[in-house]
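Structure first, commentary second.
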Amino acid sequence: MSKQLPLTFFRRPAASVAREMIGATIAREDDHGIRRFTILETEAYEGIHDLASHSSKGRTARTEVMFGPAGRFYIYRIYGLHWMLNVVTGQIDEGEAILIRGVEGIAGPGRVAAALQINSEFQGKPATRSSGLWFESRNVPLKIQTTARIGVDYAGPIWAAKKLRFVAC
DNA sequence: GTAACGATCCTC
DNA sequence: AGGATCGTTACA
């Protein structure tokens, strides 16, 4: 039986959290009830020094939540079409987060947010059951492959090449 | 104001 | 290979 992950779970380096989230459960409760999915793909964004991280551009209205407490959602729209679901990690002011890129049966961050009916209303909310979106501990350890992150070539060769994408295999 | 650009996805 | 589509950002 899996157990809800406390907000303190996220108060650690993004790469550690992203890795340990593989095989964990994301749970969504709405009017239709609770749905649970096993997380299969994540990416870590390591804060203000990580040129692929939105927080590296400094604090803005959009990214402010990234500099706040761990365990809150950072939501943003990309290409005018898709919502991206992230969770803030690390310490206050570090600007770290992880991106949920894929879950069981749903490959791709835009599809994940669409399937879970995530939008900007979740911006800044904590990953607790009362928010309707939370995480539960991993019950089955999975083999994990580590690769470069997707779509971050703009970050330059050093940061684009870092193996901060975690995929179950 | 105006312009440029995505941590993507779908269709051709 | 290219289009969709708009919030965010920077700059004038």
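All of these numbers come straight from a predicted model, not from anything done at the bench. Side-chain atoms are counted along with the backbone in the values below, which use heavy atoms only and exclude waters and symmetry mates. Labels below follow one simple rule: chain letters A, B, ... track the order of the sequence lines, proteins then strands, and each chain is numbered from 1.
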Aromatic centroids of A:F10 and A:F135 separated by under 6.0 Å: yes
Which nucleotide in B:dA7, C:dA4, B:dC9 has an atom nearest any side-chain atom of A:Y74: B:dA7
Side-chain N or O of A:Y154 closer than 4.0 Å to phosphate OP1/OP2 of B:dA7: yes
A:R12 charged N/C atom sitting above A:F9 aromatic ring, 6.0 Å / 45°: yes
pi-stack flag for A:Y79 and B:dG6, centroid dist under 5.5 Å, interplanar under 30°: no
Nucleotide B:dC9, atom C1' - distance to CD of A:E41 in whole Å: 14 Å
Those residues that, when tested against A:T8, pass side-chain hydrogen bond (donor to acceptor under 3.5 Å, both in side chains) (two or more places apart): none
Integer-rounded Å distance: B:dG6 P and A:I150 CD1: 16 Å
Whole angstrom value for the distance that separates P of B:dT8 from CG of A:L85: 14 Å
Salt bridge (Lys or Arg N to Asp or Glu O under 4.0 Å): pairs with one or both residues in residues 131-158 of chain A, sequence neighbours excluded: A:R36-A:E136, A:D50-A:R149
Whole-Å distance separating the CG atom of A:N86 from the P atom of B:dT8: 11 Å
A:R149 CZ - B:dG6 P separation (whole Å): 15 Å
For atom CZ of A:R101 and atom C1' of B:dC9, their distance in whole Å: 11 Å
Which atom pairs, one a donor and one an acceptor, fall under 3.5 Å between side chains of residues 95-113 of chain A and the rest of the protein, sequence neighbours left out?
unit_1	atom_1	unit_2	atom_2	d
A:E96	OE1	A:A14	N	2.8
A:E96	OE1	A:T89	OG1	3.0
A:R101	NE	A:E41	OE2	2.8
A:E104	OE1	A:T38	OG1	3.3
A:R111	NH1	A:A107	O	3.0

Heavy-atom donor-acceptor pair, A:S137 side chain to A:K3 backbone, under 3.5 Å: yes
Contact under 4.0 Å: A:R111 side-chain N or O vs B:dC10 OP1/OP2: yes
A:L81 CG to B:dG6 C1', straight-line distance once rounded to whole Å: 11 Å
Lys NZ or Arg CZ of A:R19 over A:F166 ring: under 6.0 Å, within 45°: no
Base versus backbone protein contacts along nucleotides 7-12 of chain C [heavy-atom cut-off under 4.0 Å; B, S, -]: -SS---
Under 3.5 Å donor-acceptor pairs involving side-chain atoms of residues 116-123 of chain A, not counting sequence neighbours:
unit_1	atom_1	unit_2	atom_2	d
A:N119	OD1	A:E121	N	2.8
A:Q123	OE1	A:I75	N	3.0
A:Q123	NE2	A:I75	O	3.2

Euclidean distance, atom CD1 of residue A:I78 to atom C1' of C:dG3 [Å, nearest integer]: 16 Å
Between A:H54 and A:Y76, ring centroids under 6.0 Å: yes
Runs of at least three consecutive pairs that involve DNA chain B, where pairs are Watson-Crick or G-U with distances under 3.5 Å: B:1-6 with C:6-11, B:8-11 with C:1-4
